[in-house]
> 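I am attaching a structure below and will ask some questions about it afterwards.
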Amino acid sequence: MSHPTVAPGTNFIRNIIEEDLASGKHKTVVTRFPPEPNGYLHIGHAKSICLNFGLANYYQGRCHLRFDDTNPVKEEQEYIDAIKADVSWLGFDWGAHEYHASDYFEALYGYAETLVEKGLAYVCDLSPEEMRAYRGTLTTPGKESPYRKRSSKESLDLLRRMRAGEFADGSRVLRARIDMTSPNLNLRDPILYRILRATHPRTGNAWCIYPMYDFAHGQSDSLERITHSLCTLEFQDHRPLYDWLCEALEIYHPQQIEFARLNLTYTVMSKRRLLELVNEKHVSGWDDPRMPTLSGMRRRGFPPAAIRTFCERIGVGKSDSVIDMSVLEDCVREHLDQTAPRAMGVLRPLKVTITNYPEGQTEEFTAARHPKDPAMGNRTIPFSREIYIDQDDFMEEPPKQFFRLGPGREVRLRYGYVIRCDDVIKDPVSGEVIELRCSYDAATGGGALPEGRKKVKGIIHWLSVAHALPVEVRLYDRLFSVANPAGVKDRDYRELLNAEALEALAQAFVEPGLAGASSGESFQFERLGYFCVDTKDSKPDRLVFNRSVTLRDAWTKPETKGNQP
RNA sequence: AGGGGCGUCGCCAAGCGGUAAGGCACUGGAUUUUGAUUCCAGCAUUCACAGGUUCGAUCCCUGUCGCCCCUGCCA
């Protein structure tokens, strides 16, 4: 089905599957990824996708993509399309197995009549407020609805008329007859069907009653012969109901297994909050590169393979956990380091004049596209009298540990000459350093080091002013300024957004060789990080690069790296 | 005594009665024309705590403590 991914590590779910296969309970593994199309997929969904598809692949079974579309007021076709695109991009193929809970509406309704006929469900006329009052509380039992004693015959008639549209929205519901005194609230005669007049993305106005999650999910699993139904921890309390319904209906009974959802530092994972960030324009959209959505990460330049590696690396368990963002960043670097061609880019240009280099002269240096992959070939980099270096690579009063450029200091231009800073030119008004006047050592070209010459420790990137390609670079960082924005008491998470998560640099430059870079293509800007051509705003004559992630940096002090707890 | 879960290194996570894998982070050091990569080395005498069973317990039993989830006609 899908191309092989990372071999799954051992975890409690695999152990269960191994036992089921060994005991003969199952001969094959059938899983499913069941998104509700009410938002875009995020990295938390990726964990579930990789788990479900990964398990199916590993055991040579199959994994279905099933939309849990039972609430038409929140669901949209746009989300269905986006979800499919994201799952494909992540590298998984559901083949012919695309399903929708709405495909089963007729079958589900049939199950409802069956339950009524068996005396296991009834139509209840309590109002929502009354229903709440009758439900009891966490510590006190509920009360039975007066409609609970309704005959099967009457309930069946009412159910059919509910479907026929004879009653107003919210006026009646179908309930399972279980136990109003159960300590598990989900078993206090849960609602199975509600009356709701809303246009469904797929069934249009064919229905005015819709099944609840509990009466759709497990039944869909059963119809599809899912062997292992994996869901997140908050559904643990629903499992007794899942089981009760399969038993009551006497249908194929899949096994529900719960695992902990993913939490990542410096971001939020709830669809509600992500939707708010989009609607309130805190970000440019679901695919804003700062978002933890798959579409955001795609635009940010994260390779799908890196996300798969990440999902494998974090493991699967049942304890609430928060994964450090550095784990994801490491996965991204790991993949990009191997695949991204190198190039030089100057983010905040500082002009340098090589005073002893002939005016009008140009020469070209040759450099490998990748230090470890000769197959990627070479590139040529033009050099001339005036170059740009990054402002960060010069300090007027450098500390001893700083081995880049400073007054009177020497530094090596990557792939080029060793230069010495002779003069620092400042703006007479602002005092800002606006130009450096340096001299070069002609004997050091292309990395050469003449006999007896002291080795230069610092190496910096640069670009010839006359040849540099002007581009826009967008520096992205973590969305929030605190590790757990959703967990900060008395502060709305929106107040904790990292104002520096996006910095657009309109005056940046890159090697002329990048002129033809294609949309989405990734490069490593040497010494800076990985950058990709933005898929939305970049134009052939005005490239826009997004920073995917910085390089590891042993120089920048830890406290300035944004790693506070 | 509402119910359901969870508690192994800063963050994840293996482990399933025989004496604590691995990853991230961090700290040293080597290589390096990216302060990158790579490479070596270090990093839990201890598994929430207290008892018990056992020759032996992170793994079994009992109790305690801590954290998470559950009172939508959401999923």
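By convention in this document, chain letters (A, B, ...) are assigned in the order of the sequence lines, proteins followed by strands, and residues within each chain are numbered from 1.
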> Please measure how far the P atom in B:U45 lies from the corresponding atom in B:C9, and state the result in whole Å.
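Here B:U45 and B:C9 have their P atoms 11 Å from each other.
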> If only side-chain N and O atoms count, and only distance matters, is there a donor-acceptor pair under 3.5 Å linking A:Asn71 with A:Tyr213?
no
> Rounded to the nearest Å, what distance is computed from the CG atom of residue A:Leu41 to the P atom of nucleotide B:A75?
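After rounding, the gap between these two atoms is 18 Å.
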> Could you identify the nucleotide paired to B:U34, looking across every strand shown and requiring Watson-Crick or G-U wobble geometry with both distances under 3.5 Å?
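Pair assignment: B:U34 / none.
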> Can you tell me if the side-chain N/O atoms of A:Ser319 get under 4.0 Å from OP1 or OP2 in B:A13?
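Yes, A:Ser319 has a side-chain N/O under 4.0 Å of OP1/OP2 on B:A13.
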> With a 4.0 Å cut-off on heavy atoms, is A:Glu258 in touch with a base, just the backbone sugar-phosphate, or nothing at all?
nothing
> Determine the contact category for A:Pro34: base if any of its heavy atoms lies under 4.0 Å from a base atom, sugar-phosphate if only primed atoms, P, OP1 or OP2 are that close, otherwise nothing.
nothing
> Which part of the nucleic acid does A:Gln401 contact within heavy-atom distance under 4.0 Å: base, sugar-phosphate only, or nothing?
base
> Considering only B:G3, B:A13, B:C73, which nucleotide approaches the side chain of A:Asp237 most closely?
B:G3
> From B:A75, B:G15, B:U71, pick the nucleotide closest to the side chain of A:Glu36?
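Of the candidates, B:A75 comes closest.
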> Are the aromatic rings of A:Phe105 and A:Tyr210 close, with centres under 6.0 Å apart?
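Yes, they do, as the ring centres are separated by less than 6.0 Å.
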> For B:G15 and B:C60, measure between their P atoms and round to the nearest Å.
13 Å
> So, OP1 or OP2 of B:A75: does either fall under 4.0 Å of a side-chain N or O from A:Thr70?
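The answer is yes; a side-chain N or O of A:Thr70 sits under 4.0 Å from OP1 or OP2.
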> What about A:Tyr99 and A:Phe67, are their ring centers closer than 6.0 Å?
no
> With a 4.0 Å limit, can you tell me whether A:Arg527 has a side-chain N or O closer than that to the phosphate oxygens OP1/OP2 of B:G35?
yes
> Could you tell me whether A:Arg163 sits above the aromatic face of A:Tyr109, with NZ or CZ closer than 6.0 angstrom to the six-membered ring centre and within 45 degrees of the axis?
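Yes, A:Arg163 sits over the ring of A:Tyr109.
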> Between C1' on B:C39 and CD on A:Glu334, what's the gap in Å once rounded to a whole number?
16 Å
> Output the rounded distance in Å from CZ (A:Arg194) to P (B:G72).
14 Å
> Which value, in whole Å, describes the distance between the P atoms of nucleotides B:U58 and B:A41?
28 Å
> Quick one: do the A:Tyr242 and A:Gln256 side chains pair a donor with an acceptor below 3.5 Å?
no
> Specify the separation, in whole Å, of atom CG of A:Asn263 and atom C1' of B:C69.
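Rounding to the nearest Å, CG of A:Asn263 and C1' of B:C69 are 13 Å apart.
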> Can you see if the side chain of A:Arg135 gets near the phosphate of B:G72 - specifically, an N or O under 4.0 Å from OP1 or OP2?
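Indeed, a polar side-chain atom of A:Arg135 lies that close.
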> Could you check if a side-chain atom of A:Tyr40 sits within less than 4.5 angstrom of a side-chain atom of A:Leu275, using non-hydrogen atoms only?
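Of all side-chain heavy-atom pairs linking A:Leu275 with A:Tyr40, none is under 4.5 Å.
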> Please determine, for the side chain of A:Pro183, which listed nucleotide (B:G2, B:G23, B:A25) has the closest atom?
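Taking heavy atoms from C-beta onward, the closest nucleotide is B:G2.
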> Rounded to the nearest Å, what distance is computed from the NZ atom of residue A:Lys74 to the P atom of nucleotide B:C73?
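Answer to the nearest Å: 12 Å.
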> Is there a side-chain contact between A:Thr265 and the phosphate of B:C11, meaning an N or O under 4.0 Å from OP1 or OP2?
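No, outside the criterion.
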> Could you let me know what B:U45 is paired to, Watson-Crick or G-U wobble, both distances under 3.5 Å, or none if it's on its own?
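None - no nucleotide pairs with B:U45, as no candidate has both distances under 3.5 Å.
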> Quick check for you: among B:G3, B:G15, B:U34, whose closest atom lies nearest to any side-chain atom of A:Asn184?
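Looking only at side-chain atoms, A:Asn184 lies closest to B:G3.
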> So, A:Asp169 and A:Arg194, do they make that salt bridge, N to O below 4.0 Å?
no
> Given B:A75, B:C12, B:U71, which nucleotide is nearest the side-chain atoms of A:His238?
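Between B:A75, B:C12, B:U71, the one nearest the side chain of A:His238 would be B:A75.
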> Using the benzene-type ring in the case of Trp, are the ring centres of A:Phe525 and A:Phe531 under 6.0 Å apart?
yes
> Hey, is A:Tyr213 doing a stacking thing with B:A75, by the 5.5 Å centroid and 30° angle criteria?
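Ring-base stacking flag not set for A:Tyr213 and B:A75.
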> Taking only the side-chain heavy atoms of A:Asn71 (C-beta and beyond), determine which of B:A75, B:G72, B:C16 contains the nearest atom.
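That would be B:A75.
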> Under 4.0 Å, counting only non-hydrogen atoms across every strand here, what does A:Val316 touch: a base, just sugar-phosphate, or nothing?
sugar-phosphate
> What's the gap between B:A44 and B:C61 when it is taken at their C1' atoms, as a whole Å value?
26 Å
> Under 3.5 Å, is there any donor-acceptor pair linking the side chain of A:Arg342 to the base of B:U34?
yes
> Determine the contact category for A:Leu126: base if any of its heavy atoms lies under 4.0 Å from a base atom, sugar-phosphate if only primed atoms, P, OP1 or OP2 are that close, otherwise nothing.
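Base contact.
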> Who does B:C39 pair with, Watson-Crick or G-U, both distances under 3.5 Å?
B:G29
> Going by the glycosidic torsion and a 90 degree boundary from 0, is the base of B:G52 oriented syn or anti?
anti
> Distance check, C1' atoms only: B:G28 and B:C68, in whole angstrom units.
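Result for the C1' pair: 39 Å, nearest Å.
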> Ignoring the backbone of A:Val173, work out which of B:G35, B:A75, B:C73 is nearest its side chain.
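Shortest atom-to-atom distance from the side chain points to B:C73.
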> Are the charged groups of A:Glu75 and A:Lys271 less than 4.0 angstrom apart, N to O?
no
> Would you measure the distance from the P atom in B:A36 across to the matching atom in B:U27 and give it in whole Å?
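That atom pair is separated by 12 Å.
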> Check every atom of B:C73, B:G15, B:U34 against the side chain of A:Met212 and return the nucleotide holding the closest atom.
B:C73
> Under 4.0 Å, counting only non-hydrogen atoms across every strand here, what does A:Ser127 touch: a base, just sugar-phosphate, or nothing?
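Base contact - A:Ser127 has a heavy atom under 4.0 Å of at least one base atom.
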> Under 3.5 Å for both donor-acceptor distances, Watson-Crick or wobble: does B:U58 have a partner, and if so which one?
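Base partner found: none.
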> Taking atom P in both B:G63 and B:A75, what distance in whole Å separates the two?
38 Å
> Classify A:Tyr193 by what it touches in the nucleic acid, base, sugar-phosphate, or nothing, heavy-atom distance under 4.0 Å.
nothing
> Which nucleotide in the set B:G72, B:G5, B:G35 lies at the smallest distance from any side-chain heavy atom of A:Lys318?
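So the nucleotide nearest the side chain must be B:G5.
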> Searching all strands shown, indicate the nucleotide that pairs with B:C6 (Watson-Crick or G-U wobble; both distances under 3.5 Å).
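B:C6 is paired, partner B:G66.
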> Applying a 4.0 Å non-hydrogen cut-off, can you work out what A:Phe67 is touching in the nucleic acid: base, sugar-phosphate, or nothing?
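The residue A:Phe67 makes no contact with any strand.
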> Between B:G18 and B:C26, how far is it from one P atom to the other, in whole Å?
36 Å
> For a quick check of understanding: with a heavy-atom distance under 4.0 Å over all strands, which category does A:Lys372 fall into, base, sugar-phosphate or nothing?
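Base, at least one base atom sits under 4.0 Å.
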> Using a 4.0 Å heavy-atom cut-off, does A:Leu138 contact any base of the nucleic acid, only the sugar-phosphate backbone, or nothing at all?
base
> Compare side-chain N and O positions of A:Asn11 against OP1 and OP2 of B:G15 and report whether any pair is under 4.0 Å apart.
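No.
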> For the side chain of A:Arg404, counting heavy atoms from C-beta on, which of B:A75, B:G35, B:C12 is nearest?
B:G35
> Across the strands shown, which category fits A:Ile191 at heavy-atom distances under 4.0 angstrom: base, sugar-phosphate, nothing?
base
> Please confirm whether the shortest side-chain N or O distance from A:Arg14 to OP1 or OP2 of B:C16 is below 4.0 Å.
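The answer is no; no side-chain N or O of A:Arg14 sits under 4.0 Å from OP1 or OP2.
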> Flag this pair as yes if the NZ/CZ of A:Arg175 is under 6.0 angstrom from the six-membered ring centre of A:Tyr122 and inside a 45 degree cone about the axis; otherwise no.
no
